[in-house]
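Here is the structure we will look at, set down as structure tokens.
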Amino acid sequence: MIDQNDIEIIKNITEEFLQKMTITPLLIKAVGSMAENKEEQDNSNEKINGIIDLDITLEEPQILIGEKGQTLFEIQRLLRAMATKKIQKIFYLNLDINKYKQSKIEYLKRISKDLADEVSLTKEEKVLFPMPAYERRVIHAELVQRSDVITESQGEGANRHIVIKPR
């Protein structure tokens, strides 16, 4: 399980990583929690020991967020690999910079509800723009309880997108 010592190590790795990039954060906040299902496993069937939410506040965040958040996700991947090697535990790392991901998720939820309402009213399907898997999951999860529309992922690779259809 992830403990407070592990969280401090991850925070220190992050600080050192940013320092080497000559970036001084205004704030680094790391919070750990248990995996939702204690028996949860990642793609390699290794047991997930918890979730680390790592929030960084910067004066100039765009350099670490990148176009459509791509740099943010690559940094998240690197930090997770570095921390996993150091603490010898498998965990999810959720990195957010200046609340970019949080704002993006709220936007996706709003737009998915609006588009689902439109599909329900017009009975015509809506094709959304291509997006990464985590963004598609947000939209699927947001609309799964609706009885008037269904969502479906279509396309391959970078062109994978969601279609919202009337039921």
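The shown structure was predicted, so the numbers you read here are calculated from the model rather than taken from an experiment.
- For the pair Leu72/Leu64, no side-chain contact is recorded, criterion being any heavy-atom separation below 4.5 Å from C-beta on.
- Between Lys68 and Pro132 the shortest side-chain heavy-atom distance does not fall below 4.5 Å.
- The backbone N or O of Ala133 sits nowhere less than 3.5 Å from a side-chain atom of Arg160 that would complete a donor-acceptor pair.
- Panel note: side chain Gln145, backbone Glu142; no donor-acceptor pair is recorded below 3.5 Å.
- Among residues at least two apart or in separate chains, salt bridge (charged side-chain N to carboxylate O under 4.0 Å, His left out) pairs with a member in residues 99-112 are Lys104-Glu135.
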Ile75 vs Phe17, test: side-chain contact (heavy atoms from CB on, under 4.5 Å). Steps then yes/no.
CA-CA 10 Å; Ile75 291 171; Phe17 179 82; 3.7 Å; yes
Does the side chain to side chain donor-acceptor pair (under 3.5 Å) test come out yes or no for His140 and Ser153, once each step is laid out?
CA-CA 9 Å; His140 286 305; Ser153 288; 2.9 Å; yes
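- Follow the hydrophobic side-chain contacts under 4.5 Å out from Leu93 and you reach Ile65 in the same cluster.
- A 4.5 Å side-chain heavy-atom check between Ser120 and Asp117 finds every atom pair outside the cut-off.
- Listed by chain and number, the residues in a side chain to side chain donor-acceptor pair (under 3.5 Å) with Lys165 are Glu152 (sequence neighbours excluded).
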Walk me through whether Asp53 and Lys29 qualify under side-chain contact (heavy atoms from CB on, under 4.5 Å).
CA-CA 8 Å; Asp53 290 315; Lys29 180 181 168 191; over 6 Å; no
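- In this structure, Asn94 CG and Gln102 CD are separated by 10.0 Å, a value rounded to the nearest 0.5 Å.
- No donor-acceptor pair closer than 3.5 Å links the side chain of Asn159 to the backbone N or O of Gly155.
- The same ILVMFWY cluster, assembled from side-chain heavy atoms under 4.5 Å apart, contains both Leu95 and Ile2.
- Residues forming a ring-ring contact (aromatic ring centres under 6.0 Å, His included) with Tyr134 (at least two apart in sequence, or on another chain): Phe73.
- The number of heavy-atom neighbours closer than 6.0 Å to NZ of Lys123, taken from other residues, nucleotides and ligands shown, is above 12.
- Shown here for Ala83 and Ile10, the closest heavy-atom pair between the two residues is CB-CG1, 3.7 Å.
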Does the pair Leu18 and Thr24 meet the rule for a side-chain contact (heavy atoms from CB on, under 4.5 Å), with working shown?
CA-CA 7 Å; Leu18 293 173; Thr24 305; over 6 Å; no
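- Looking at every heavy atom in both residues, Gly32 comes nearest to Ile52 through CA-CD1, 3.9 Å.
- Remark: the backbone N or O of Tyr100 is not paired with any side-chain donor or acceptor of Asn98 at under 3.5 angstrom.
- Although no hydrogens or angles enter the test, the distance criterion places no donor-acceptor pair under 3.5 Å between the side chain of Asp96 and the main chain of Leu54.
- Ile150 and Val127 sit in two unconnected hydrophobic clusters of ILVMFWY residues. Membership requires side-chain heavy atoms under 4.5 Å apart, directly or through other members.
- Taking all atoms of both residues into account, the shortest heavy-atom contact from Pro130 to Ala158 is CB-O, 3.3 Å.
- You'll find the side chain of Glu8 stays beyond 4.5 Å of the side chain of Ile13, heavy atoms only.
- Ile97 and Ile105 fall into different hydrophobic clusters, defined by Ile, Leu, Val, Met, Phe, Trp and Tyr side-chain heavy atoms under 4.5 Å apart, directly or through other members.
- In this structure, Thr14 has no side chain to side chain donor-acceptor pair (under 3.5 Å) partners at least two apart in sequence or on a different chain.
- In this structure a side-chain-to-backbone donor-acceptor pair under 3.5 Å is missing from Lys126 to Val163.
- When all heavy atoms of Met1 and Asp6 are compared, the closest pair comes out as O-OD2, 3.6 Å.
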Give every donor-acceptor pair under 3.5 Å between a side-chain atom in residues 55-63 and any protein atom, sequence neighbours left out.
none

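- Here the side chains of Ile162 and Phe129 are not in contact, with every heavy-atom distance at 4.5 Å or above.
- You'll find the side chain of Arg146 reaches within 4.5 Å of the side chain of Val149, heavy atoms only.
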Derivation of the side-chain contact (heavy atoms from CB on, under 4.5 Å) call for Ile139 and Arg136
CA-CA 5 Å; Ile139 292 173; Arg136 292 193 309 274; 5.9 Å; no
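- Using modelled atom types, one side-chain atom of Arg80 and one backbone atom of Phe91 make a donor-acceptor pair closer than 3.5 Å.
- Between the NZ atom in Lys11 and the CD1 atom in Ile9 there is a gap of 13.5 Å [rounded to 0.5 Å].
- Listed by chain and residue number, nothing satisfies the side chain to side chain donor-acceptor pair (under 3.5 Å) test with Glu15 (two or more places apart in sequence, or in another chain).
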